[in-house]
Amino acid sequence: MLNVTTYPLGAPIQIIANIPLMQQEADRLRKAGKRIVLVPTMGFLHEGHVSLMRLGRKEGDHLVVSIFVNPTQFGPAEDFEAYPRDFDRDCEMAESAGVDTVFVPELHALYGNGYQTYIFLERLPLYLCGRSRPDHFRGVASVVAKLLNIVKPHMAVFGEKDRQQLIIVRRMVEDLNFGVKIVGAPIVREHDGLAMSSRNSYLSKEERSSATVLFQVLQAAQKLVEQGERNSGRVIKTASELVLSRPHTKIDYISICDPATLEDVDQIDKEALMALAVYVGKTRLIDNAILQSVS
Ligand code: AMP
């Protein structure tokens with residue numbers, strides 16, 4: 001079939017770069033009654049991505065992983081050019097995770113000459129990562145909308161690692177009647193608790209050691225809440241001190257907020273979302289957890 005290659009030669013995984021061809025393939029699958037599941041990624045795959053694929057594999061008949069480093073979600077001073085890429089390795093990992101199709105659109109095909117359409121959400125992008133990355137979620141929402149229109153999945157899987165992204169995608173899909181089920185998958189961590197991320201590859205040995213503080217902060221906060229602390233300000237203060245006690249760290253934000261609206265909460269009642277972004281050296285890392293108060 002035109003423009004469809006296999007990797008490695010003869011293996012069952014198909015690689016599609018062409019947008020109309022991906023749309024035709026999606027139409028063909030839907031007509032045949034197949035349930036399509038999409039896992040959108042920026043590549044440089046790790047076990048976090050693989051867990052999403054496994055979940056998708058169970059839920060669908062045809063599993064598509066998209067690999068696209070999306071320039072519109074990077075700020076001008078961010079790491080778009082430097083973002084790690086390893087397409088061959090990604091294809092091998094996708095294949096062992098049972099992926100049927102890797103969709104790898106070209107930049108100029110996705111954003112052609114004269115491109116000017118973006119999706120804007122009024123409130124959710126104002127909080128957490130959106131404060132220091134003002135256009136990030138405009139880029140995320142727009143590229144996810146485009147991928148949904150091209151791959152036409154019945155279901156798409158997103159990681160809770162990027163919880164604000166997951167919440168924004170859910171909101172957009174509901175508000176714009178996309179008719180696709182959005183599923184969230186738990187955060188996959190290294191043995192010492194660091195959330196897996198393609199950006200962890202930027203860290204030096206010393207920075208890697210400091211990076212564990214993000215998860216430690218979330219654990220410490222949960223412990224404080226279990227001991228009866230309800231005041232968000234005090235929990236954030238303890239968390240900040242812990243982060244700054246490690247070399248090479250700089251706090252972007254630490255927030256305790258409502259898990260639905262992302263607005264800051266002063267008191268931790270029932271469930272609250274704690275989210276943080278910390279620079280370790282030049283690398284910006286994020287993590288989050290739902291704080292559960294027992295009483
Ligand atoms: P990315 O390639 O970083 O854009 O991530 C693609 C998808 O994988 C997003 O839905 C992420 O939330 C998810 N993801 C990335 N890292 C993890 C992780 N450690 N655990 C679970 N999901 C993850």
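Start at 1 and go down the list; that is how both ligands and their atoms are numbered.
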Contact check: Ala185 vs ligand 1, nitrogen or oxygen atoms, below 3.5 angstrom: no
Nearest protein heavy atom with distance in Å, relative to atom 23 (C) of ligand 1: Lys161 CB, 3.9 Å
Nearest neighbour in protein (non-hydrogen) for atom 4 (O) of ligand 1: Met42 CG, 3.5 Å
Element-labelled atoms of ligand 1 that are located less than 4.0 Å from some non-hydrogen atom of Phe158: 10 (O)
Residue portion contacting ligand 1 (non-hydrogen atoms closer than 4.0 Å) for Glu160: neither
For atom 13 (C) of ligand 1, the protein heavy atom that lies nearest, with its residue and separation: Leu52 CD2, 3.7 Å
Residue, atom name and distance, where the atom is the protein heavy atom closest to atom 10 (O) of ligand 1: Gly159 N, 2.8 Å
Region of Arg189 engaging ligand 1 - heavy atom pairs below 4.0 Å: neither
Per-atom contacts of ligand 1 with Ile187, taking only distances under 4.0 Å to non-hydrogen atoms: 20 (N), 21 (C)
Main-chain N/O of Ser245 paired to Thr249 side chain as donor or acceptor, under 3.5 Å: no
Atom indices of ligand 1 within 4.0 angstrom of Gln165 heavy atoms, with elements: 9 (C), 10 (O)
Glu174/Arg170 ion pair, N-O < 4.0 Å: no
Short N-O contact, Asp192 and Arg208, less than 4.0 angstrom: yes
For ligand 1, the portion of Pro186 having any non-hydrogen atom under 4.0 Å away: backbone
Top protein contact for atom 11 (C) of ligand 1, by heavy-atom distance: Asp162 OD2, 3.0 Å
side-chain hydrogen bond (donor to acceptor under 3.5 Å, both in side chains) evaluation trace for Gln14 with Glu25: CA-CA 11 Å; Gln14 72 176 342; Glu25 177 68 350; 2.8 Å; yes
Val188 N/O to ligand 1 N/O under 3.5 Å: yes
Closest approach of any protein heavy atom to atom 6 (C) of ligand 1, naming residue and atom: Pro40 O, 3.4 Å
Closest protein heavy atom to atom 15 (C) of ligand 1, given as residue, atom name and distance to 0.1 Å: His46 CE1, 3.9 Å
Where ligand 1 meets Met196 - atom numbers and elements under 4.0 angstrom, heavy-atom basis: 16 (N), 17 (C), 18 (C), 19 (N)
Closest protein heavy atom to atom 5 (O) of ligand 1, given as residue, atom name and distance to 0.1 Å: His49 NE2, 3.4 Å
Side chain, backbone, both or neither: Glu47 near ligand 1, heavy atoms under 4.0 Å: neither
Pair Glu78 + Arg284: basic N to acidic O under 4.0 Å: no
Mutual orientation of the aromatic rings belonging to Tyr111 and Tyr118 [parallel < 30°, tilted 30-60°, perpendicular > 60°]: parallel
Donor-acceptor contact present, side-chain His62 to main-chain Ile36, <3.5 Å: no
Sidechain N-carboxylate O distance under 4.0 Å for Asp269, Arg230: no
Leu194 backbone acceptor or donor facing Asn200 side chain under 3.5 Å: no
With Asn288, the side chain to side chain donor-acceptor pair (under 3.5 Å) member among Arg163, Lys161, Gln164: Arg163
Sidechain-backbone polar pair: Gln73 side chain, Phe137 backbone, donor-acceptor under 3.5 Å: no
